[in-house]
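Below: the structure, in structure tokens.
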Amino acid sequence: MNSILASVDWNLIGDKIWNRLTSRTALFIYAGIILVLIIAIIIRVIVGEYNRVSIMKNSLEGKEKGERQEILETARKTIEEELEPLKDLALPSVVVQGGNGTKGAVSANSSPAEEESGSRFYMLTEIDKEYERYRAPEYDNELSLREICEEFRNYSAGGLKLYYDIEDIRRFIGGLAVTKLIILQGMSGTGKTSLAYAFGEFLDNKTVVVPIQPMWKERTDLVGYYNEFTKRFNETTLLYKMYEADYNDEIYITVLDEMNIARVEYYFAEFLSLLEIPNVDGRNLDVVADKREDDPKLLQSDGKLRLPTNMWFVGTANNDDSTFAISDKVYDRAMVLNLDKKAIPFEVKEYGKKKISAKRLEELFKRAQREFDITDRNLRRIKKLDEYMIKTFHITFGNRIMKQIRSYVPVIVASGGTELEAIDDILSRKVFRKLESKNPVYVKQMADGTRAYLDELFGENKLPLCKEQLKLIEQNV
């Protein structure tokens, strides 16, 4: 055996094995094996990381959900305790919609009775019961637009210690004549939300305040949704007030507080489209897919609710890093009021609330538009300015803006302002604001010529707000 092993040429065998192991084929095999191992390791790392992220995400979502549920439960108990003395009333005095888009303070009284009610709309069916014995109040139908502006300003100052310039009050009332959507802009503390709140108090019909939430993306955040689990509709305060408004002729003001903290074009999209429909009877909001026998009376057969003609939406907007820019689509459909400064306080001896019906207010608007229609001279001036803006900046007024001008200017005049003041105001908001989207360097180059043309067309320094808009753009270059 030893002789056999001794006779073997181990060096030759070792060389052959080494040659085989170091051959090109062997090297390809080694490379393939290494590549497969690397791929396997990468896949394992990716799968492990994905599982780790999923576990962390589920853990965070569970924690966040638990914290949110705890907050909501605490808020619900607090609201129930605060509203306990009011449990026998038809409607609580608090009309702030809950931040999560679900039922607010109005629904806090519905706990035991709601469970027994057969309708999926507890709050709305309660309104049906209340209005079976409703009697319309006596309205102050003798007030003119000028008197409404003055009485409102005096009540805000005397009753609420909120002070506004009469020009801002006129612009607010004038905006109501143009559209159902008003946007109040300005620095914090200038009274944007307070102005809308004060108007509701003045009319003795509390303003609905809807605090917009950053995550809102659709109309259900505003009006609620049908819960398949509870078989109930999660009704919001806004839905409640919209339904109530369809029953009477009161003026309703709804504040979309910090409206641009979420994208207005998302959560308010359906409202924007409906408000464009000329026929008010065609403005019907989707609520549910169908109507049941025990649903509220005013809910239509296709599950839609008529958008009330006596409700105006007032959005407050801040422009900072935490908000979204409001698009031209929204601006074009709204009237904008800039509150840039606080008014000087003044003393008021006599003031009081006034009951004004929406029908009467609309009649005053139409009367003003007949009696104080824009003069032919100013219409010619506006047409020439339109031609200049098209040629110089490629901006046109358009049919919508011209319609808004003809609605707005007469109401401002009837409220105590002048025609040129009203034209200056609406042109600065509707036309010259669009220059912000143009090349600022080019706008700055053309600014002096544009100011000279305004003086030539309307008179020297007759359109100070339009010139101020140009100046702001120049300063930002």
Side-chain angles (χ1 to χ4, degrees), residues 136-180 182 184 191-207 245 248-255 309-314 335 337-339 342-375 404-426:
E138 293 185 4
Y139 293 109
D140 297 297
N141 289 329
E142 303 302 320
L143 293 174
S144 65
L145 286 175
R146 182 193 290 264
E147 290 170 336
I148 290 174
C149 292
E150 293 172 352
E151 292 285 346
F152 173 35
R153 182 172 183 248
N154 290 340
Y155 175 79
S156 297
L160 305 175
K161 304 304 177 185
L162 298 172
Y163 304 97
Y164 298 97
D165 291 334
I166 189 62
E167 291 83 3
D168 289 332
I169 298 294
R170 289 171 185 156
R171 289 167 184 157
F172 180 75
I173 298 298
L176 301 180
V178 176
T179 177
K180 297 295 182 181
I182 315 293
L184 304 181
K192 299 186 295 295
T193 304
S194 300
L195 176 61
Y197 162 79
F199 194 57
E201 292 293 315
F202 171 65
L203 299 172
D204 199 21
N205 187 22
K206 290 187 177 295
T207 296
N248 60 58
D249 198 30
E250 301 280 325
I251 296 174
Y252 285 78
I253 301 295
T254 296
V255 174
T309 58
N310 53 336
M311 177 174 284
W312 280 263
F313 297 91
V314 179
M335 279 300 295
L337 174 58
N338 288 344
L339 296 177
K342 292 184 177 181
I344 299 174
F346 57 94
E347 293 293 331
V348 178
K349 295 182 179 180
E350 295 184 5
Y351 58 88
K353 298 182 178 183
K354 301 294 180 182
K355 269 293 183 183
I356 305 169
S357 69
K359 181 179 179 181
R360 173 61 178 172
L361 188 63
E362 294 287 359
E363 288 176 353
L364 290 173
F365 291 156
K366 292 178 181 178
R367 179 188 297 177
Q369 289 155 8
R370 289 193 306 268
E371 296 179 357
F372 301 99
D373 193 14
I374 305 177
T375 61
Q404 292 172 346
I405 291 173
R406 302 199 72 149
S407 298
Y408 181 77
V409 174
V411 173
I412 295 297
V413 176
S415 300
T418 68
E419 188 166 291
L420 278 181
E421 287 174 352
I423 291 174
D424 180 31
D425 181 54
I426 194 167

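Since this is a predicted model, take the numbers as computed values, not measurements. Values below: all heavy atoms of this structure, side chains included; hydrogens, waters and symmetry mates excluded.
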Rounding to 0.5 Å, atoms CD1 (Ile423) and CD1 (Ile374) come to a distance of 5.5 Å

**Check: Ala196 main-chain N/O paired with Thr207 side-chain donor or acceptor under 3.5 Å** = yes

The reported gap from CG in Leu339 to CG in Asp168 (rounded to nearest 0.5 angstrom) is 5.0 Å

Interatomic distance, CD1@Ile148 vs CZ@Arg360, rounded to 0.5 Å, equals 7.5 Å

Closest heavy-atom pair, Ala414 versus Ala368, reported as atoms and distance to 0.1 Å, is CB-CB, 3.6 Å

Those residues at least two apart in sequence (or on a different chain) that pass side-chain contact (heavy atoms from CB on, under 4.5 Å) with Leu203 are Phe199, Ile251, Ile356

Open item on the list: Do Glu419 and Val409 make a side-chain contact, defined as non-hydrogen atoms from C-beta onward lying under 4.5 Å apart?
Closed with: yes

Close side-chain approach of Lys359 and Glu363, heavy atoms under 4.5 Å: yes

**Asked** Is a donor on one side and an acceptor on the other found under 3.5 Å between the side chain of Asn310 and the backbone of Ala245?
**Response** yes

ask   = With a 4.5 Å heavy-atom cut-off, do Phe372 and Leu145 have their side chains touching?
value = no

Rounded to the nearest 0.5 angstrom, the OH-OG distance for Tyr351 and Ser156 is 11.5 Å

Which atom pairs, donor and acceptor, lie under 3.5 Å between side-chain atoms of residues 158-166 and protein residues at least two apart or in another chain?
from, atom 1, to, atom 2, distance (Å)
Tyr164, OH, Gly191, O, 3.0
Tyr164, OH, Leu195, N, 2.9

message: Looking at Arg170 and Ser415, would you say the former's side chain and the latter's main chain have a donor-acceptor pair under 3.5 Å?
response: yes

CD1 (Ile253) and CD (Glu201) are apart, to the nearest 0.5 Å, by 12.0 Å

Query raised in the report: Can you check whether Ile173 reaches Phe365 side chain to side chain, under 4.5 Å on heavy atoms?
Result: yes

Those residues at least two apart in sequence (or on a different chain) that pass salt bridge (Lys or Arg N to Asp or Glu O under 4.0 Å) with Arg153 are none

| said: Distance alone, cut at 3.5 Å: any donor-acceptor contact between the side chains of Asp249 and Tyr139? | reply: no

Smallest heavy-atom separation, Ala157 atom then Val348 atom, equals CB-CG2, 3.8 Å

With sequence neighbours left out, the residues meeting salt bridge (Lys or Arg N to Asp or Glu O under 4.0 Å) with Glu250 are Lys355

Residue set satisfying salt bridge (Lys or Arg N to Asp or Glu O under 4.0 Å) with Glu362, at least two apart, ordered chain then number -> Lys180

| said: Let's go through Lys353 and Asp204 carefully: what are the C-alpha distance in whole Å and the side-chain angles of both, what is the deciding distance for salt bridge (charged side-chain N to carboxylate O under 4.0 Å, His left out) to 0.1 Å, and is it a yes or a no? | reply: CA-CA 6 Å; Lys353 298 182 178 183; Asp204 199 21; 3.7 Å; yes

- Just by distance, do the side chain of Asp424 and the backbone of Leu420 share a donor-acceptor pair under 3.5 Å? no

Give the intermediate values and the outcome of side chain to side chain contact (heavy atoms under 4.5 Å, CB included) for residues Arg171 and Tyr408.
-> CA-CA 9 Å; Arg171 289 167 184 157; Tyr408 181 77; 3.3 Å; yes

Is the shortest side-chain heavy-atom distance between Ser407 and Gln369 below 4.5 Å? yes

Checklist entry - Passes side chain to side chain contact (heavy atoms under 4.5 Å, CB included), Ile426 versus Met335? Steps please. => result CA-CA 8 Å; Ile426 194 167; Met335 279 300 295; 4.3 Å; yes

side-chain contact (heavy atoms from CB on, under 4.5 Å) filter on Thr418, not counting sequence neighbours, yields Glu421

